[in-house]
Protein chains: 2
Amino acid sequence: MEMERYKSNRDFIGFVSGLCALEKDAAALLSQQLETVSFKKGEAILEQGSICRYVYYINSGLVKTGFENKERTFIMRFFAEGATFTVLDSYLSQNPSAYKIEALENTVLTRISRTEMDKLCFRFHPMETFFRKLVSMASVNMMSRIGEMLEEKAAARYENFLRENPGLIQRISLGDLAGYLGITQVSLSRIRSGI
Amino acid sequence: MEMERYKSNRDFIGFVSGLCALEKDAAALLSQQLETVSFKKGEAILEQGSICRYVYYINSGLVKTGFENKERTFIMRFFAEGATFTVLDSYLSQNPSAYKIEALENTVLTRISRTEMDKLCFRFHPMETFFRKLVSMASVNMMSRIGEMLEEKAAARYENFLRENPGLIQRISLGDLAGYLGITQVSLSRIRSGI
DNA sequence: TCGAAAATTTATCAAATGATAAAAACTATA
DNA sequence: TATAGTTTTTATCATTTGATAAATTTTCGA
């Protein structure tokens, strides 16, 4: 991980402003607390078992969140440029995370620590509104994911993923996509071959 | 559905107060906006295709949220006494809900409309904090559900459900539990028989 | 550019789950 | 309490996915 000081904080501020009516002084304070960090392809942004202390915004690149057991690895979600993410349970509880975050490409992130985020949310109502909306969007996304996992077989979920993420498929390996679908890469290869 | 005026609003207010520092006047205004409604076992609290206009608190009883396609029905989640719930995507978007809510037992609910909730969240920062925490808890819950669905076969998910919801199993039918696990009731019966 | 490592495909057999039907057990109510 | 309706179980066969191994293709660094 490499830490920079260049200020592309604007994108993240813009993202926040798009979700709430952020006052000038709140935006200024928020900007002060942001830091920009870079990760090389394959680097871990958060290790499984470490505490997630930040909310991240992706300036460029691609990351996956997921976990591994003895045999396999599973993907919770992919995040690309313009997305904001964290590992919510670890971030909120400040307990070790069951999930890992890894850069799938060289990735530039803007982040804010939980400590500073809490201060801002306490002081500025719109920041809390932003966080509420952020978590709400994640919830709605997970609801449909759960519904789809209940209802559809892996082949249908694969087709849905292709349809809904046309831009991502060239950037994600077969193995990672299989991990997202909850099947083995051999099974996904078979599904793709259309047998 | 039967509408009552008896004020067991206290339980819901207590639930809210447990998650945020609710001021006296906010609590008073909140209490004014609550209404208590009763549903008989089997009644629909929200039809699939209707708009979810409320956040609900369960004073007594048990409900399921879920959806059906042509062949089968699936359960998103069960909620019992002391729980607070809504159909988040429909509640937020005010679009028709893909999910139904149904009473599994005679159930008494305290509810607040989205309109009034928005007013309170706008006016009182702690109410927004409450809502943020409510959605956060739902998110954390769904994260582990997704992780479990990726990682575990139905038999293991069934064992986990028994372990984590010892009080619910006597109150839920085999069919509904199968719908929650995403398998047929015949499959669940087979799993239970230990073949 | 070559060659080793990694990713993907193909093949085979086993295990998990679905679909269907029928029997058995349970529930509610006339 | 008798009976009709519902829920659960049991059984059989089909489909989906997993495990393993080996072949093929791709990627990437020396």
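Note that these values count all heavy atoms, side chains included, but never hydrogens, waters or copies made by symmetry.
- One interatomic measurement links the two molecules: CZ of A:R192 to C1' of D:dT17, which rounds to 17 Å at whole-angstrom precision.
- Not a single donor-acceptor pair under 3.5 Å links the side chain of A:T86 to the backbone N or O of A:L88.
- Under a 3.5 Å cut-off, the side chain of B:Q94 and the backbone N or O of B:C52 do form a donor-acceptor pair.
- Of the N and O atoms on the side chains of B:N160 and B:E152, not one donor lies less than 3.5 Å from an acceptor on the other residue.
- Picking from C:dA28, D:dG18, C:dG18 the nucleotide with the shortest atom distance to the side chain of B:T184 gives C:dG18.
- Between A:E105 and the options A:K64, A:K40, A:R171, A:K41, a salt bridge (Lys or Arg N to Asp or Glu O under 4.0 Å) holds for only A:R171.
- Side-chain atoms of B:R72 stay outside donor-acceptor range of the base of C:dG18, with no qualifying N/O pair under 3.5 Å.
- Going from atom CD1 of B:I101 over to atom CZ of B:F85 covers 5.0 Å, rounded to the nearest 0.5 Å.
- Checking D:dG18, C:dT17, D:dA21 against every side-chain atom of A:V186, the shortest atom distance belongs to D:dA21.
- Regarding contacts with the backbone of C:dT17, every side-chain N or O of B:R190 stays at 4.0 angstrom or more from both OP1 and OP2.
- Closest to the side chain of A:S193, out of C:dG18, C:dT10, D:dT9, is C:dT10.
- One finds no side-chain N or O of B:K41 lying less than 4.0 angstrom from the OP1 or OP2 phosphate oxygen of C:dT27.
- OP1 and OP2 of D:dT8 both lie 4.0 Å or more from every side-chain N or O belonging to B:S189.
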Between B:E116 and B:K119, does the salt bridge (charged side-chain N to carboxylate O under 4.0 Å, His left out) criterion hold? Intermediate values first, please.
CA-CA 5 Å; B:E116 297 302 331; B:K119 285 184 199 161; 3.3 Å; yes
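- A heavy atom closer than 4.0 Å to some atom of DNA chain D occurs in B:K153, these being the qualifying members of residues 146-156 of chain B.
- If you check residues 161-180 of chain A against DNA chain C, the residues with a heavy atom closer than 4.0 Å are A:S173, A:L174, A:G175, listed by number.
- Using modelled atom types, one side-chain atom of B:R114 and one backbone atom of B:L92 make a donor-acceptor pair closer than 3.5 Å.
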